[in-house]
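Working notes for the structure below.
Every chain is numbered from 1, with letters handed out A, B, ... down the list of sequences. Only this structure's heavy atoms are used, side chains among them; waters, hydrogens and symmetry mates stay out.
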2 protein chains.
Amino acid sequence: MTKKSPSPEAIAAWARLVRVSRQLVERTEDALKANGLPPLAWYDVLHELAEAGEGGLRPFELIDRVLLAQYGVSRLLARLEADGLVEKLPVSDDGRGQTVRITASGREMRRRIWAVYGACIADRMGDRLSAQDLKTLASLLGRLRDPPASD
Amino acid sequence: MTKKSPSPEAIAAWARLVRVSRQLVERTEDALKANGLPPLAWYDVLHELAEAGEGGLRPFELIDRVLLAQYGVSRLLARLEADGLVEKLPVSDDGRGQTVRITASGREMRRRIWAVYGACIADRMGDRLSAQDLKTLASLLGRLRDPPASD
DNA sequence: TCCCTATCGATGCAATTGCATCTATATGGA
DNA sequence: TCCATATAGATGCAATTGCATCGATAGGGA
């Protein structure tokens, strides 16, 4: 079995992608910590739940949306619930499952996190690339997704 | 104090960037694990040390190159040494420090990891974007680096 | 020379994460 | 109906990571 070898351009782009994204995420996490706010993962979940509305979401639906393992979601939801940011409701037609809904304080926390998170995005992306470049970037990245989806 | 708000384009590009890079890295880690190989961080360190040549590197020089915390480097080097992949040498003009050099088995391990890692890069980047697009991507990402550097 | 401070690297301890497995309910076929 | 298998979610335990701090040497003034 012969392994493929990546082109120099592919290697360079890969290295940039991995380094830059790690830096961006790390600095954003630092900013959140510095403001006494929880990690980005909390925002991701609160965001998904806010978008989902009153109906809420099942935990398993969160797995792919926030790119977390099943046990990661389970434990994160337990913490969010302990902090009163979400509530778990039994679901009528499936005794195994539950529905998770964001609470008022959950929405408030989401807002507070976004104040810092959004500013980081503006600083680190919006201020550095034009709208056109941002679109180009998003489009190129879109082609790297798995599974490949339309743009 | 008024916080900045990011543009929709900035948000979209950010989301893509973070998601895509996480997916890519995770799948690569999975491929390594599936082949009984150590994590990507090991490759990063072995790669830097291989590039550094006979002179080796001081641990603190690795910190910024591999984007690891000081204690992360310390512990990773301890494991690499325990596995015989690197060796630590006292450094003459600084009694606090040491020089770390890659060993022959370290180079061999690097090769084995690259066989899988390189194939992942080829599959996930090289096969999906043209050389020109890869250059564009790398250039756009380069403008997001901190501190900003030339391209 | 003697401190005072800075830097290098390691580590104890707590928190988090990953892996494997568990319980409970659901589903589908004999 | 009964059983075998699949799915939802939780969790015990081990490994990893983060935080704070430590011990040791360097360097730089007074």
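Shown here is Arg58(B), whose CZ atom has more than 12 heavy atoms of other residues, nucleotides or ligands within 6.0 Å. Counted within 6.0 Å of NZ on Lys135(B), heavy atoms from surrounding residues, nucleotides or ligands total 12 or fewer; the atom is thus considered open.
Between the CG atom of Leu76(A) and the P atom of dT16(C) there is a distance of 11 Å, rounded to whole Å. Rounded to an integer number of Å, the gap from CD of Gln70(B) to P of dA6(C) is 17 Å. Atom CG of Leu40(A) and atom P of dT17(C) are 12 Å apart (whole Å). Arg22(B) has its CZ atom 13 Å from the C1' atom of dT17(C), to the nearest Å. Here dA6(D) presents its P atom at 18 Å from CZ of Phe60(A), a figure rounded to the nearest Å. Going from atom CG of Leu68(A) over to atom P of dT16(C) covers 14 Å, rounded to whole Å. The CG-P distance, from Asp93(A) to dA8(D), rounds to 13 Å in whole Å. Distance, Leu32(B) CG to dG18(C) C1': 16 Å, rounded to whole Å.
Among the candidates Arg27(B), Arg22(B), Arg19(B), the single residue satisfying the salt bridge (Lys or Arg N to Asp or Glu O under 4.0 Å) test with Asp146(A) is Arg27(B).
Under the 4.5 Å side-chain criterion, counting only non-hydrogen atoms from C-beta, Thr136(B) is in contact with Gln132(B).
Close to dG18(D), at under 4.0 Å from its OP1 or OP2, lies a side-chain N or O of Tyr71(B). Proximity of Lys88(A) to the phosphate of dA10(D): a side-chain N or O atom is located under 4.0 Å from OP1 or OP2.
Residue order along DNA chain C, read from the 5' end via each residue's closest nucleotide, puts Arg96(B) first among Ser74(B) and Arg96(B). Summary of the strand contacts: Arg79(A) and Ser92(A) both lie near DNA chain C, and taking for each the nucleotide with the nearest heavy atom, the more 5' one is attributed to Arg79(A). Judged by closest nucleotide on DNA chain D, Gly97(A) is the one of Lys33(A) and Gly97(A) placed further toward the 5' end.
Contacts of Arg75(B) with the nucleic acid, taken as non-hydrogen atoms under 4.0 Å apart, include base atoms. Nucleic acid contact class of Gln98(A) (heavy atoms, under 4.0 Å, all strands): sugar-phosphate only.
The main-chain N or O of Gly56(B) is never found under 3.5 Å from a side-chain atom of Thr99(B) such that the two would form a donor-acceptor pair.
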